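The figures that follow rest on heavy atoms only: side chains count, while hydrogens, waters and symmetry mates do not. Here is the naming used below: chain letters follow the sequence lines, and residue numbers restart at 1 for every chain. The model shown is predicted, which means the values in this text are computed figures rather than measured ones.
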Number of protein chains: 2
Amino acid sequence: MDDVDRQLLAILQQDALRPYAELGQAVGLSAGATHERVRKLRERGVIRRTTIEVDPAAIGRGVLAFVMVDSTKWVGDSGDQFSAIPEIQEAHVIAGSASILVKVRTSTTEQLQDVLRRMYAIEGVSGTQATVVLETFFERPVAP
Amino acid sequence: MDDVDRQLLAILQQDALRPYAELGQAVGLSAGATHERVRKLRERGVIRRTTIEVDPAAIGRGVLAFVMVDSTKWVGDSGDQFSAIPEIQEAHVIAGSASILVKVRTSTTEQLQDVLRRMYAIEGVSGTQATVVLETFFERPVAP
DNA sequence: GATGAAAATGGTGATGT
DNA sequence: ACATCACCATTTTCATC
């Protein structure tokens with residue numbers, strides 16, 4: 001993980017389809033050497049996968065909300081329960097007054113309400129506190 | 001935006017490097033037609049870009065926190081101020097008691113503290129409430 | 001590790017239905 | 001809007017340094 005690797009990651013985050021020849025030119029390496037670098041980054045798991053960024057509004061997910069989930073029981077291993085709700089994009093165990101923080105995307109606030117209902121059905125969940133997003137300033141990849 | 005488009009998006013989210021021939025086979029189209037579909041999805045902005053998913057811990061961003069930011073002034077157009085802090089991965093204007101919610105990734109909690117310090121320097125910011133993530137259940141693309 | 005070139009593969013565009 | 005095909009850029013591998 002030297003500086004060249006970090007540069008490659010930064011470029012690939014912006015456009016993962018750039019030819020190795022161009023990539024190499026940007027970092028001062030041959031296409032072959034660049035290919036080898038990227039291959040190893042994948043192998044080591046630094047690059048988890050190549051994916052596409054989809055506009056949430058275009059696929060009927062225009063409403064974004066963060067929900068703090070309170071619980072009475074230990075919910076540290078109920079990740080699958082949250083994963084079963086497709087509208088939940090992220091779920092984290094947190095330190096603080098609440099237990100779980102989830103990021104939810106729905107098409108309407110009614111559907112958001114329905115997601116809350118389904119979360120209450122999870123064993124141990126005793127409360128939710130939803131925060132609706134009015135405007136997203138930015139969402140970007142982690143800077144290497 | 002029919003069902004085929006949604007299928008294509010779902011597959012490409014998992015692996016954006018799948019050949020068009022394979023993609024087409026999965027949805028019952030020729031490689032050429034599939035290529036055309038994907039091209040239009042890009043053109044329409046449904047697909048924003050193809051990118052790589054990087055393991056945060058591997059690039060020294062092992063600490064994840066969500067921070068509620070309180071403010072005394074209107075901060076609805078200070079997105080650039082937050083954007084200037086590279087450790088901030090997301091920033092949203094929210095409804096509720098706080099004004100802004102940001103997602104921060106740092107290598108240490110000391111560095112997290114430093115990010116809070118830099119946020120206080122933003123005009124109008126009057127308080128922060130950080131919630132540190134202990135474990136991430138999952139983070140996944142929005143389901144089409 | 002990096003290089004450079006050869007071989008395999010998939011992207012791209014024209015044409016026709 | 002889709003299928004087929006031909007061409008060319010890119011990926012991928014390998015011998016070499």
Side-chain angles (χ1 to χ4, degrees), chain A residues 1-62 86 107 139-144, chain B residues 1-62 86 107 139-144:
Chain A
M1 258 311 260
D2 60 359
D3 203 60
V4 171
D5 283 334
R6 270 180 287 272
Q7 269 186 270
L8 291 174
L9 291 176
I11 298 172
L12 288 172
Q13 276 180 339
Q14 300 198 244
D15 180 10
L17 300 180
R18 284 272 265 296
Y20 288 118
E22 274 186 40
L23 275 178
Q25 195 165 16
V27 300
L29 283 178
S30 72
T34 307
H35 181 261
E36 182 67 5
R37 289 264 193 167
V38 175
R39 195 191 61 75
K40 282 181 182 166
L41 286 169
R42 286 185 201 283
E43 193 181 52
R44 272 187 270 151
V46 176
I47 297 177
R48 289 216 178 108
R49 61 173 161 183
T50 309
T51 181
I52 55 169
E53 226 181 76
V54 174
D55 176 17
I59 55 173
R61 288 276 149 76
S107 58
E139 284 183 277
R140 61 189 179 195
V142 286
Chain B
M1 257 308 259
D2 59 0
D3 203 59
V4 170
D5 283 333
R6 270 182 286 272
Q7 270 186 271
L8 290 174
L9 291 176
I11 299 172
L12 288 172
Q13 277 180 339
Q14 300 199 238
D15 179 10
L17 300 179
R18 280 275 239 342
Y20 287 116
E22 274 185 41
L23 275 179
Q25 196 165 17
V27 300
L29 283 178
S30 73
T34 307
H35 182 259
E36 183 66 5
R37 289 264 193 166
V38 175
R39 194 191 61 75
K40 282 179 184 168
L41 285 170
R42 286 185 202 283
E43 193 182 51
R44 273 187 271 150
V46 177
I47 296 178
R48 292 216 178 109
R49 62 173 160 181
T50 62
T51 180
I52 55 169
E53 226 183 75
V54 174
D55 176 18
I59 56 173
R61 289 274 149 78
S107 59
E139 284 184 280
R140 61 188 178 196
V142 285

### Query
Taking atom P of C/dG11 as reference, at what distance in whole Å does atom CG of B/Leu12 sit?
11 Å

### Task
Quick one: list whatever passes salt bridge (Lys or Arg N to Asp or Glu O under 4.0 Å) with B/Asp15, sequence neighbours left out.
none

### Message
I'd like to check the salt bridge (Lys or Arg N to Asp or Glu O under 4.0 Å) partners of A/Arg140; sequence neighbours left out, ordered by chain and number.
### Response
none

### Message
Does the protein touch nucleotides 1-17 of chain D at the base, only the backbone, or not at all? Give it as B, S and - per nucleotide, heavy atoms under 4.0 Å.
### Response
SSBB-----SSSB----

#### Entry: Secondary-structure string, 5' to 3', Watson-Crick or G-U under 3.5 Å, | for another-strand partners, for DNA chain C
||||||||||.||||||

What are the atom names and distances for every N/O pair under 3.5 Å that joins the protein to nucleotides 15-17 of chain C?
none

### Task
Could you tell me whether the side chain of A/Met1 reaches within less than 4.5 Å of the side chain of A/Leu41, counting heavy atoms only?
yes

### Task
Under the side-chain hydrogen bond (donor to acceptor under 3.5 Å, both in side chains) rule, collect the residues that match up with B/Asp3, sequence neighbours excluded.
none

### Task
With sequence neighbours excluded, tell me which residues meet salt bridge (Lys or Arg N to Asp or Glu O under 4.0 Å) with A/Arg42.
none

### Task
Could you check how far CG of B/Leu23 sits from C1' of C/dT9, rounded to whole Å?
15 Å

### Task
Determine the Euclidean distance between corresponding P atoms of D/dT11 and C/dG13; express it in Å to zero decimal places.
16 Å

### Query
Can you name the side-chain hydrogen bond (donor to acceptor under 3.5 Å, both in side chains) partners of B/Arg37, sequence neighbours left out?
B/Asp2, B/Asp5

### Message
Tell me every residue that passes salt bridge (Lys or Arg N to Asp or Glu O under 4.0 Å) with B/Glu36, counting only those two or more places apart in sequence or in another chain.
### Response
B/Arg39, B/Lys40

### Query
Who are the side-chain hydrogen bond (donor to acceptor under 3.5 Å, both in side chains) partners of B/Ser107, not counting sequence neighbours?
B/Gln111

### side-chain hydrogen bond (donor to acceptor under 3.5 Å, both in side chains) contacts in which one or both residues fall within residues 20-29 of chain B, not counting sequence neighbours
B/Arg18-B/Glu22

### Message
Which residues pass the side chain to side chain contact (heavy atoms under 4.5 Å, CB included) test with A/Pro141, not counting sequence neighbours?
### Response
A/Gln13, B/Arg49

